[in-house]
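Scope of the values below: all heavy atoms of this structure, side chains included, with no hydrogens, waters or symmetry mates. Here, residue 1 is the first one in the sequence, and each next residue gets the next number.
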Amino acid sequence: MTAFPAPATRARGPEAAQALAAELSKLVSLPATWLTLGGTLVVNLILAMAFTIAGLHGSTGTKSATDIGLASISYAQAGFVILGVLAACSEYTGGQIRTTLIAMPRRALQLTAKHLTLAIVVLPAAAITAASGVALAAGVLGDTATPVTSGDVAAALSGVTAYLALTTLISASVGALVRQTLAAVVIVLGYFFIAGPLLRDHTPAAKYLPDSAGFAMWFPVADNASAVTPAQGALLLVAWTTALIVVVMLLYRRRDT
């Protein structure tokens, strides 16, 4: 006799697809999503142009279009932080999260779908943002740019794209923990722009923290044998992101809303 899967098991696939579709619909219909991504792209291009002009005048210490074009990412990442927090906190405004949980009572599935949806939207946006700065720098510098191989450019762009996507997921996790947009933005930006750099300058172990590990993914330090490599940085940042999502999921299942 042929054994058939239990109804609950058969339902998991469609349920997961429905959860993903619902979260994707909410994210793409949120005006703040496109305003944040569009604003981030514009700001990144403005900053990339400023760095490129500085490079033309020899003020950057390098003529590499890749290095100059990606220098703005350190600042443009703020837009991805804000997007992650908004994606997590928007439903807590007006109690919309209650409606979501009525439609999707399995909280682990709902939270997983939200993070997966965010990654789907952010990955191409991050790739476009990173590539736009490099393309602008290469176009302006022209023949004066330091020659680089296509492999090095691809590796740098891949590292930046992954870094921005993981940073967005970390921000979303913090937003889900705090559930207050302004507070979550202050916490994450405070870490990446204030606490992280201070720790990096004074604590050797800070190279294993998310910001330093992520930075190594696209701007490795070649002359330091003890520095984190791009591959190690990627593993560390993935580990930090995964650990934070797991913590959020455990707490999320215990909360009333």
Side-chain angles (χ1 to χ4, degrees), residues 8 11-13 15-30 32-33 36 77-123 126 162-196 199 205-206 208-214 234-257:
R12 286 181 181 177
E15 186 181 2
Q18 291 170 3
L20 186 62
E23 291 298 331
L24 184 59
S25 176
K26 287 188 292 184
L27 185 61
V28 299
S29 63
L30 191 67
T33 299
T36 304
Q77 67 175 328
F80 289 88
V81 167
I82 293 172
L83 176 61
V85 172
L86 287 174
C89 295
S90 60
E91 289 189 283
Y92 289 98
T93 302
Q96 296 175 7
I97 187 64
R98 296 184 179 88
T99 304
T100 296
L101 293 178
I102 290 173
M104 289 184 285
R106 293 179 58 192
R107 297 191 176 203
L109 176 62
Q110 187 266 329
L111 191 66
T112 300
K114 180 177 288 292
H115 280 79
L116 182 57
T117 294
L118 192 56
I120 291 172
V121 172
V122 165
L123 277 170
Y163 169 73
L164 291 176
L166 291 170
T167 298
T168 306
L169 294 180
I170 287 176
S171 303
S173 297
V174 174
L177 279 174
V178 179
R179 300 192 290 183
Q180 295 288 334
T181 302
L182 182 58
V185 168
V186 170
I187 290 171
V188 183
L189 290 183
Y191 169 74
F192 278 103
F193 286 91
I194 300 175
L199 289 171
Y208 301 113
L209 294 177
D211 61 317
S212 298
L235 288 174
L236 284 168
L237 193 55
V238 168
W240 278 108
T241 305
T242 303
L244 190 54
I245 291 175
V246 169
V247 171
V248 171
M249 193 171 295
L250 292 174
L251 294 176
Y252 189 50
R253 297 178 65 180
R254 295 176 179 271
R255 285 174 168 173
D256 293 335
T257 56

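- In terms of heavy atoms, L109 sits closest to A19 at CG-CB, 4.0 Å.
- When all heavy atoms are compared, the tightest approach of A87 to S90 is O-OG, 3.8 Å.
- If you take OG on S171 and CG on L118, they are separated by 9.0 Å, rounding to the nearest 0.5 Å.
- Within the structure, no pair that satisfies the salt bridge (Lys or Arg N to Asp or Glu O under 4.0 Å) test touches residues 184-193, not counting sequence neighbours.
- With no hydrogens or angles considered, no side-chain donor-acceptor pair links Y92 and Q180 at under 3.5 Å.
- The side chain to side chain contact (heavy atoms under 4.5 Å, CB included) search around L235 returns none, not counting sequence neighbours.
- Here the CG-CG distance, from L199 to L209, works out to 6.5 Å after rounding to the nearest 0.5 Å.
- Using a 4.5 Å heavy-atom cutoff, the side chains of E23 and H115 are not in contact.
- Between the CG atom of L83 and the CG atom of L30 there is a distance of 8.5 Å, given to the nearest 0.5 Å.
- Of the possible polar contacts, none joining the T33 side chain to the V28 backbone as a donor-acceptor pair under 3.5 Å is found.
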### Message
Working note: K26 + E91, criterion side-chain contact (heavy atoms from CB on, under 4.5 Å); need CA distance, chi angles, decisive distance, verdict.
### Response
CA-CA 10 Å; K26 287 188 292 184; E91 289 189 283; 2.6 Å; yes
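- A184 and G175 make their closest contact through CB-CA, 3.8 Å (heavy atoms, listed as atom of the first residue, atom of the second, distance).
- Note that the CD1 atom of I170 and the OH atom of Y191 stand 8.0 Å from one another [nearest 0.5 Å].
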Show me the donor-acceptor pairs, under 3.5 Å and distance only, between side chains in residues 238-245 and residues at least two apart or in other chains.
residue : atom : partner : partner atom : Å
W240    : NE1  : Y208    : O            : 2.8
T241    : OG1  : L237    : O            : 2.7
T242    : OG1  : V238    : O            : 2.8

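- Across all their heavy atoms, A126 and F80 have their closest contact at CA-CZ, 3.8 Å.
- Scanning both residues, L169 and A119, for their nearest heavy atoms gives CD2-N, 4.3 Å.
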### Message
Run I82 and T181 through side-chain contact (heavy atoms from CB on, under 4.5 Å) and show every step you take.
### Response
CA-CA 9 Å; I82 293 172; T181 302; over 6 Å; no
#### Entry: Test log, rule side-chain contact (heavy atoms from CB on, under 4.5 Å), inputs V174 and V85
CA-CA 7 Å; V174 174; V85 172; 5.8 Å; no
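- Taking CG of L250 as the reference point, atom CG of L111 lies at 10.5 Å (rounded to 0.5 Å).
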### Task
Please test T112 against M249 for side-chain contact (heavy atoms from CB on, under 4.5 Å), starting from the C-alpha separation and ending with a verdict.
CA-CA 8 Å; T112 300; M249 193 171 295; 3.4 Å; yes
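- Inter-residue side-chain proximity for Y252 and L177 is flagged as unmet; no heavy-atom pair is nearer than 4.5 Å.
- For G214 against Y163, the heavy-atom pair with the smallest separation is CA-CD1, 3.3 Å.
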